Peer 1: 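Can you read through this structure? Questions will come right after.
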Amino acid sequence: MRLAEASCTEGCCGALYVTIQRDGDYVLWDEWRNPDEDEVDLPAFRFEAQEYQREVERATADRSWEWPARTVARLLEQDLRERTDWLARRECELDALSAWPWEPHQVNVFLFHPDRSAIGEDRPWLQFRMILAVSGDDPADQAERLAEQLVAADPRQAAEVCGGSRDFARQLGYSWPQLRRA
């Protein structure tokens with residue numbers, strides 16, 4: 001299981017993985033690894049299985065740590081993943097939604113065109129990023145409103161290309177983004 005990933009990406013600066021397995025009345029965390037490092041020096045951890053399960057259920061239900069944009073992102077992603085046809089008819093696939101602490105007033109929506117499978121099949125593909133503003137309004141209301149806006153239009157028109165290649169963009173009829181200078 002991946003427990004953490006660098007804010008840039010795993011491929012850039014690594015991630016932390018652990019193998020989690022049931023061992024009788026215990027849950028064991030062991031075999032720590034980071035694809036970016038040769039060795040991760042962490043010990044094995046052993047938890048009583050019943051106590052572990054209770055804690056997982058408690059932590060899963062706890063949303064007290066979320067800031068409004070994170071709540072909007074979570075609710076919006078749940079909604080959009082239930083609406084399977086809104087992107088299929090536009091030859092897109094929902095990749096992820098994120099809200100980062102250093103950008104507390106926005107949600108990022110990432111999409112693949114035509115879909116993620118194109119990467120492994122050596123077909124042209126692009127990744128798009130759409131930035132949605134989040135206010136202090138009720139997160140559930142915002143998520144619902146944003147979902148309705150997103151499914152009503154082609155998201156590629158409001159998004160910017162953020163992944164793939166210049167050649168793939170040309171082949172698929174899109175402009176490759178210009179480098180931004182500070």
Side-chain angles (χ1 to χ4, degrees), residues 1-37 39-87 92-112 115-116 127-152 155 158-159 162-163:
M1 167 161 298
R2 184 173 67 197
L3 297 179
E5 177 183 35
S7 61
C8 47
T9 66
E10 176 180 328
C12 181
C13 293
L16 180 63
Y17 287 85
V18 66
T19 298
I20 301 173
Q21 57 189 356
R22 181 79 182 252
D23 182 17
D25 291 337
Y26 295 93
V27 173
L28 181 66
W29 286 29
D30 200 7
E31 301 175 25
W32 298 91
R33 60 200 173 283
N34 175 352
D36 203 44
E37 297 287 329
E39 190 174 319
V40 176
D41 187 24
L42 290 171
F45 292 97
R46 183 178 300 273
F47 307 95
E48 289 186 21
Q50 288 181 347
E51 183 179 329
Y52 184 89
Q53 183 62 37
R54 281 193 302 273
E55 182 58 21
V56 167
E57 289 169 2
R58 185 208 60 77
T60 301
D62 179 11
R63 300 287 182 202
S64 63
W65 59 273
E66 289 184 337
W67 58 99
R70 177 66 193 108
T71 304
V72 170
R74 176 177 50 82
L75 296 173
L76 181 57
E77 183 170 14
Q78 287 172 351
D79 187 341
L80 295 177
R81 292 212 183 273
E82 291 175 4
R83 301 178 191 223
T84 57
D85 66 330
W86 77 282
L87 286 174
C92 288
E93 180 182 332
L94 184 62
D95 179 24
L97 277 81
S98 64
W100 297 316
W102 57 90
E103 297 173 336
H105 303 293
Q106 72 182 43
V107 169
N108 303 283
V109 180
F110 294 94
L111 308 166
F112 281 107
D115 56 45
R116 184 188 304 261
Q127 186 180 40
F128 288 84
R129 176 184 181 201
M130 187 180 325
I131 300 170
L132 307 175
V134 174
S135 69
D137 295 345
D138 177 67
D141 291 344
Q142 289 185 77
E144 185 177 330
R145 185 177 68 249
L146 290 169
E148 292 305 320
Q149 290 173 4
L150 288 172
V151 301
C162 69

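If you read the sequence from its start, that first residue is 1, and numbering goes on from there. If you're wondering where the values come from, they're calculated on a predicted model, not measured in any experiment.
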Peer 1: Look at atom CD of Q106 and say whether more than 12 heavy atoms of other residues, nucleotides or ligands are closer to it than 6.0 Å.
Peer 2: yes
Peer 1: Can you find a pair of side-chain heavy atoms, one from L150 and one from M130, that are under 4.5 Å apart?
Peer 2: yes
Peer 1: Name the orientation class of the two ring planes belonging to W100 and W102 (parallel below 30°, tilted from 30 to 60°, perpendicular beyond 60°).
Peer 2: parallel
Peer 1: Determine whether a donor-acceptor pair (N or O, by modelled atom type, separation under 3.5 Å) exists between the side chain of R22 and the backbone of G24.
Peer 2: yes
Peer 1: Any chance you could measure N108, atom CG, to D95, atom CG, to the nearest 0.5 Å?
Peer 2: 11.5 Å
Peer 1: Would you check, one step at a time, whether the test side chain to side chain contact (heavy atoms under 4.5 Å, CB included) holds for F47 with V56?
Peer 2: CA-CA 12 Å; F47 307 95; V56 167; over 6 Å; no
Peer 1: Within the 4.5 Å heavy-atom criterion, are V27 and Q53 side-chain neighbours or not?
Peer 2: no
Peer 1: With a 4.5 Å cut-off on side-chain heavy atoms, are E77 and L80 touching?
Peer 2: no
Peer 1: Under 3.5 Å, is there a donor-acceptor pair between the Q78 and E82 side chains?
Peer 2: no
Peer 1: For salt bridge (charged side-chain N to carboxylate O under 4.0 Å, His left out), just list the numbers for R145 and D141, CA-CA rounded to whole Å, side-chain angles, deciding distance to a tenth of an Å, and then say yes or no.
Peer 2: CA-CA 6 Å; R145 185 177 68 249; D141 291 344; over 6 Å; no
Peer 1: For atom CG of D25, decide whether the heavy atoms of other residues, nucleotides or ligands shown that lie under 6.0 angstrom number more than 12.
Peer 2: no
Peer 1: Looking at E57, I'd like to know if its CD atom is crowded, meaning that more than 12 non-hydrogen atoms belonging to other residues, nucleotides or ligands lie closer than 6.0 Å.
Peer 2: yes
Peer 1: Using a 4.5 Å cut-off on heavy atoms from C-beta on, say whether the side chain of R58 contacts that of E55.
Peer 2: yes
Peer 1: Answer yes or no: is there a side-chain heavy-atom contact under 4.5 Å between T19 and R33?
Peer 2: yes
Peer 1: Quick one: are W29 and M1 in side-chain contact, heavy atoms under 4.5 Å?
Peer 2: no
Peer 1: After noting the C-alpha distance and the side-chain angles of L94 and V109, does the key distance pass the side chain to side chain contact (heavy atoms under 4.5 Å, CB included) rule?
Peer 2: CA-CA 8 Å; L94 184 62; V109 180; 4.0 Å; yes
Peer 1: Check A73 against A99 and note the closest heavy-atom contact, atom names and distance.
Peer 2: CB-CB, 4.1 Å
Peer 1: Quick one: does Q142's side chain have a donor or acceptor within less than 3.5 Å of a partner on S135's backbone?
Peer 2: yes
Peer 1: With side chain to side chain contact (heavy atoms under 4.5 Å, CB included) as the test, would you mind laying out the steps for L132 and V72 before giving the verdict?
Peer 2: CA-CA 10 Å; L132 307 175; V72 170; over 6 Å; no
Peer 1: Less than 4.0 Å between a side-chain N and a carboxylate O, is that true for E48 and R54?
Peer 2: no
Peer 1: If we only count heavy atoms from C-beta on, is the L3 to W32 side-chain gap below 4.5 Å?
Peer 2: yes
